[in-house]
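Below is one structure, written out as structure tokens, with a few remarks after it.
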Amino acid sequence: MSRIFSGIQPSGELHIGNYLGAAKNWVDLQDDHECFICIVDYHAITQAYDIEALERRTVDMAVGLLSAGIDPEKCVLFAQSHVAEHTELAWVFTTVTPIGELERMIQFKDKSRRQESVLAGLLNYPVLQAADVLLYKADLVPVGEDQVQHVELMREIARKWNARYARGFFPEPQAQIGAAKRIQGLDGRGKMSKSLGNTVGILDEPDEIWERIRSAKTDPARVTRKDPGTPEKCNIYALHQHFSSLPVIDDVAEKCRTAGWGCIDCKRVLTDNIADYFAPMRQRASELRQSPGQVSDILAAGAAKASVVANETMIGVRSHMGFLPATQTQPAER
Ligand code: TRP
């Protein structure tokens, strides 16, 4: 059975973008893979963040993932900061990673451009990500398209470490891209992302979904109700393809091309379908929120299972690198 590892930032909200782009894929994979899903809180601190909110956002992300169908019986779900070996291995990997490779990362270039002074943590973000995956010697990394470059880099880090210290110790993990490649934000200005405020949360109530969808951008050619549009140019149509049935999708396209209805009608149908799709997940979330201890228990159990593997890998890493074993520094007799 191959082992998958993936991570998601504790943004507090699992939205339809990261649900379709990643989480849905994880739920499908957990039945026939060994599965580790990590809420990457140490990654979240590489940019300005709200200290007061971090804890709540971590729990909310766990609630989102569990509601979406991540099953703690099948899948190890945990918070990154609960397993110290992530940062430990990341340090080791900084010593085999060329700075030039890190500076080439598209996400680093994007994020550092918006910063006055670039911090080492942001540059080293992909090194920590490599440690996340390689700590578990995972071979598959199901992620969104934007993470492919980071997975390429972790393959290189694995190769470099192996070449220097122990041939074949770390496998070279493969990225696996889900069926839904890139979900556009509702503002039509790029990727759906919590920080851009252009999302629909999977746990949003129907009236909140409507608020979001109602003001979403559509094909700009449809200035008035009578102007026909091109469905392929409309993000609302793209979302229908994920949440509506085939006959409805065809009907939506036809009514758009012929100006048979207005965008608002199209949005109403989409809203209903999104609300229906996630109804069972809203139900599960409300059950989880009624017993708050349950989520912490699941994360603690996940961290305990993850620690067993992580600890074993680090013992191997330290030994291949020639460190003095910690046991020999203990007093000989007691
Ligand atoms: N960088 C990933 C993202 O922004 C999150 C992440 C951290 C991750 N560690 C990971 C994804 C390990 C896959 C594997 O989406």
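No hydrogens, no waters, no symmetry mates; every other heavy atom, side chains included, goes into these values. Note that the numbering runs from 1 along the sequence shown for the chain. Both counts, for ligands and for their atoms, begin at 1 and track the order of listing. Given the structure is predicted, the values throughout are model-derived calculations rather than measurements.
Aromatic ring centres of His86 and Tyr136: separated by under 6.0 Å. Ring-centre distance between Phe169 and His320: below the 6.0 Å cut-off. For an aromatic pair to be called close, the ring centres must be under 6.0 Å apart, and Tyr165 with Phe170 fails this.
Members clustered with Val308: none, using a 4.5 Å side-chain heavy-atom cutoff among hydrophobic residues.
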Check the pair Glu13 / Thr199 against side chain to side chain donor-acceptor pair (under 3.5 Å), numbers first and verdict last. CA-CA 9 Å; Glu13 179 191 57; Thr199 63; 3.0 Å; yes
Working for salt bridge (Lys or Arg N to Asp or Glu O under 4.0 Å), residues Glu208 and Arg212: CA-CA 6 Å; Glu208 296 173 89; Arg212 299 305 192 105; over 6 Å; no
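Near ligand 1, residues Phe5, Ser6, Gly7, Val40, His43, Tyr125, Gln129, Asp132, Val133, Val141, Val143, Gln147 come within 4.0 angstrom through at least one heavy atom.
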